[in-house]
Visitor: 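Can you read through this structure? Questions will come right after.
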Amino acid sequence: MQIILKGLKLIDPQVGLNDKNDLLIEDGVIRKIGELTKEDQSNAEIFEFDGMSCVPGLFDMHVHLREPGREDEETVLSGSNSAAAGGFTGIACMPNTNPAIDSAEVVQSIIEKSRRHLVDVYPIGAVTLGRKGESLAPIAELHEAGAVGYSDDGTAVKTASILRSALEYVKMFNSPIIEHCEDESLAGGAMNEGEVSTSLGLPPIASVAEDLIVMRDIMMAEYTGSKVHIAHISSKNAVQLVRDAKARGINVTAEVTPHHFTLTDESIKSYDTNYKMNPPLRTQEDVDAMIEGLQDGTIDCIASDHAPHSIEEKEMEFIYAPNGILGLETQFGLVLSELVHKGHLNYEQVVEKLAINPRKILNIAVPKIAVGEKANLTIFDPELIWTVDIKKFKSKSKNSPFDKRLLTGKPVSVINKSKMYFEDKFIEI
Amino acid sequence: MPLSSRHLLGLHGVPKEDIQLILDTATTFREVLDRPIKKVPTLQGKTIVNLFFESSTRTRISFELAQKRLSADTINFAKSGSSTGKGETFKDTVKNIEAMKVDMIVVRHESAGVPQFLTRISDANIINAGDGRHEHPTQALLDLYSIREKLKKIDGLKVCIVGDIGHSRVALSNIYGLLTMGAKVSVCGPPTMIPRSIESLGVEVHHDIDRAIRENDVLNVLRIQLEREAGSSIPTLREYHKYFGITRERLQQNEDILILHPGPINRGVELSSEVADGPFQIILNQVTNGVAVRMAVLYLLGTL
Ligand SMILES: [Zn+2]
């Protein structure tokens with residue numbers, strides 16, 4: 001089968017592409033880029049995408065699917081649909097499920113459930129059994145089953161000694177250890193410590209709790225010569241620590257979430273639990289540091305930390321409500337609105353942060369917009385102004401602080417594995 | 001002139017006129033409480049629920065008494081702490097209570113923000129009787145009332161709040177209320193008990209109890225939570241008393257100072273026994289004033 005995508009601006013810094021071109025795709029493979037002949041167009045289905053742009057399929061390396069364990073909040077299927085609607089062709093899912101992703105069986109069952117879906121789902125395995133921080137999970141078996149990284153996300157790997165073992169062990173596969181950076185003895189509060197927590201009387205979490213573990217992990221990465229990836233970086237000092245470590249040639253990478261470059265702890269003044277997450281929302285200074293880190297390459301990628309929670313769980317007293325918000329369906333719109341249209345990043349940088357770097361960190365082949373390559377693409381309307389509506393989310397959950405927010409730029413379609421998601425439908429192409 | 005809000009969630013942002021009105025109304029009710037028949041029919045037919053998720057007998061009884069004196073119908077509802085996991089959620093509890101057609105809810109909870117949350121899920125007037133370490137506005141109003149009664153004014157006074165500011169729900173309400181009424185406010189205690197960036201609220205911070213005694217007209221001495229503090233925010237209670245306790249010798253630096261303490265006193269910790277029993281100007285929790293202030297709040301919100 002042949003399809004033609006017309007009128008798209010193609011952007012792919014890997015092949016130096018940034019101009020308007022038509023695209024011919026046959027049986028899921030890019031056959032032709034540029035002027036198409038009459039013959040080309042004769043037996044193809046034609047899609048008009050005038051004014052829209054196309055980039056290599058976006059990838060979100062930090063997603064919480066709730067399967068197995070809390071299928072009422074999200075499943076592999078609903079999370080994948082949410083990803084497609086958000087403009088993503090690939091996601092990595094974190095291991096804090098119940099049971100945790102600490103056995104080959106769980107890895108296989110997640111991969112099996114996503115096999116026929118447009119969206120690629122790559123499990124992240126637990127570093128330790130049950131994420132308890134005591135003994136190593138069967139990392140080689142997890143790797144063989146298809147895990148692409150290891151994390152005890154929700155908490156940092158408990159001790160330097162087990163972290164050291166994990167870092168040494170994963171060198172066999174060149175996989176990263178992905179760290180939720182928070183010192184356990186300083187954890188347990190409900191929001192960022194500072195002026196706002198003092199005036200709201202909520203138990204605070206000091207930002208130094210993050211910095212301490214970022215520092216520990218950088219030193220461990222240096223000592224072992226292995227790879228550490230800092231998940232959801234959020235404090236100004238942590239960004240500086242990563243910047244300095246990179247300058248010294250240490251193998252450390254970092255991601256930031258859209259909420260940490262968009263919102264501050266001021267939002268919590270309403271005590272709305274949709275603003276409760278971990279790491280917590282911090283100050284404008286920190287937000288500015290996130291943007292600077294993205295610009296100078298200290299922060300390699302953007303990831304959502306998509307964390308579905310039921311309404312009953314979130315509509316609760318602030319100190320009891322669980323941490324986390326949805327992200328997949330608002331992430332790209334926030335990147336375009338807050339980073340591109342405000343002049344902080346250009347489209348090439350966005351492709352690096354949202355398509356190239358996350359896959360590189362996880363050793364996943366990066367799709368290119370080039371003849372002969374499999375079509376793995378995200379199409380978006382960069383100028384469309386739209387209002388976020390949680391009722392339209394494909395996710396099973398609704399916990400987003402961005403409901404009713406006006407955004408500029410919206411994903412329109414994704415293509416991967418000979419499938420296309422367009423106008424709310426999956427089509428075989 | 002009515003109050004500008006239909007809830008009392010805290011003293012943050014409450015205008016001076018409202019605080020003035022509550023204090024003046026409390027003065028009127030204070031007179032009622034001295035009469036042989038201490039009851040007025042102003043809230044007859046109104047149903048008020050005292051929703052206490054954390055036990056606080058003194059605050060609850062004070063509210064209950066105020067409600068009875070105003071002829072309101074009272075329902076007491078006590079439930080213990082966390083609603084996570086087991087049983088009915090906080091929201092369900094509130095929905096069930098709402099079904100009884102209540103006009104006002106007085107709420108005490110260990111989580112900051114619960115009164116705000118209640119305004120989103122209930123149509124009743126909400127009165128905060130203490131939320132976490134956030135606010136306890138009626139206690140602060142009582143403190144303001146007592147200061148005004150004793151010193152005839154609040155504007156221009158120098159007031160220092162002493163003790164564990166960080167874990168206190170009375171400190172913030174006092175700070176907001178005192179600043180609004182024109183007092184100059186400082187806080188004094190060991191640095192572990194002073195929350196970060198509290199200066200941003202407009203208060204001065206220091207750690208010298210002698211200076212606090214010398215420089216102020218009023219000391220509001222917070223109660224030390226014996227079980228919580230020792231070993232974590234302070235080494236021992238003995239050491240706390242040595243460096244922050246109010247003693248007879250220390251008070252010689254300023255014998256006119258007015259001391260407020262919410263009671264009951266931990267003798268030998270915040271105050272020495274001599275000070276507690278001595279000839280100084282001390283205001284312990286004033287039960288009658290507390291009822292009058294709460295009557296004023298209930299009345300003003302209930303007849304809005
Ligand atoms: Zn995390």
Side-chain angles (χ1 to χ4, degrees), chain A residues 69-70 72 98 185-186 188-209 235 237 264-276 280-286 309-324 398-399 401 403, chain B residues 9-13 53-54 79 81-86 88-95 107-121 128 130-137 165-173 175-176 187 194-203 205 232:
Chain A
R70 283 303 300 267
D72 60 313
N98 188 14
S185 69
L186 288 170
M191 69 174 292
N192 181 54
E193 179 165 52
E195 275 180 38
V196 184
S197 68
T198 294
S199 73
L200 294 183
L202 283 167
I205 310 171
S207 59
V208 72
S235 96
N237 287 351
T264 68
D265 56 1
E266 299 272 334
S267 308
I268 300 170
K269 286 183 171 166
S270 60
Y271 293 97
D272 181 344
T273 57
N274 280 320
Y275 294 100
K276 186 180 178 189
L281 296 175
R282 301 204 194 271
T283 66
Q284 190 58 47
E285 257 197 330
D286 297 291
H309 288 292
S310 68
I311 292 172
E312 301 76 63
E313 265 186 21
K314 266 303 209 188
E315 271 198 331
M316 207 182 271
E317 300 95 313
F318 202 92
I319 63 171
Y320 303 142
N323 289 306
K398 305 286 168 230
N399 53 309
D403 190 30
Chain B
L9 307 178
L11 292 190
H12 179 251
F53 285 85
E54 197 182 62
K79 229 185 150 186
S82 164
S83 60
T84 40
K86 45 196 177 283
E88 198 177 48
T89 66
F90 175 76
K91 196 181 168 185
D92 289 335
T93 305
V94 173
K95 285 286 157 204
V107 64
R108 155 76 65 121
H109 198 292
E110 64 178 335
S111 175
V114 159
Q116 278 80 354
F117 182 32
L118 264 177
T119 63
R120 292 198 284 268
I121 57 177
N128 183 1
D131 62 327
R133 54 178 86 171
H134 181 220
E135 288 223 42
H136 189 2
I165 313 300
H167 285 104
S168 165
R169 51 170 64 107
V170 185
L172 272 182
S173 291
I175 289 169
Y176 294 134
V187 297
I194 310 283
R196 211 170 166 83
S197 308
I198 194 159
E199 303 87 347
S200 65
L201 301 179
V203 302
V205 177
S232 55

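A note on names: the letters A, B, ... follow the listed sequences, proteins ahead of strands, and every chain is numbered from 1.
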Visitor: Compare all side-chain heavy atoms of Leu172(B) with those of Leu201(B) and state whether any distance is below 4.5 angstrom.
Guide: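 SC-SC contact between Leu172(B) and Leu201(B) confirmed.
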
Visitor: Let's test your reading of the structure: which of Ala171(B), Gly166(B), Gly132(B), Ser200(B) forms the most heavy-atom pairs below 4.5 Å with chain A?
Guide: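 Sorted descending by pairs with chain A, the first entry is Ser200(B).
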
Visitor: List the steps and the verdict of ring pair (Phe, Tyr, Trp, His ring centres under 6.0 Å) for His134(B) and Phe318(A).
Guide: CA-CA 12 Å; His134(B) 181 220; Phe318(A) 202 92; over 10 Å; no

Visitor: Taking the six-membered ring for Trp, is the centroid-to-centroid distance between His109(B) and Phe90(B) below 6.0 Å?
Guide: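 Yes, close enough.
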
Visitor: Let me know if Pro203(A) has heavy atoms under 4.5 Å from chain B in its side chain, its backbone, both or neither.
Guide: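 Both backbone and side chain.
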
Visitor: Heavy atoms only, distances under 4.5 angstrom: which of Glu313(A), Glu195(A), Glu312(A) has the most pairs with chain B? Name it, please.
Guide: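 Top option by heavy-atom pairs under 4.5 Å: Glu195(A).
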
Visitor: Could you tell me whether the side chain of Arg108(B) reaches within less than 4.5 Å of the side chain of His136(B), counting heavy atoms only?
Guide: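 The answer is yes, as the side chains (C-beta and beyond) meet within the 4.5 Å cut-off.
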
Visitor: Measure distances from Arg169(B) to the heavy atoms of chain A and classify the residue's part below 4.5 Å as side chain, backbone, both or neither.
Guide: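 Neither part.
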
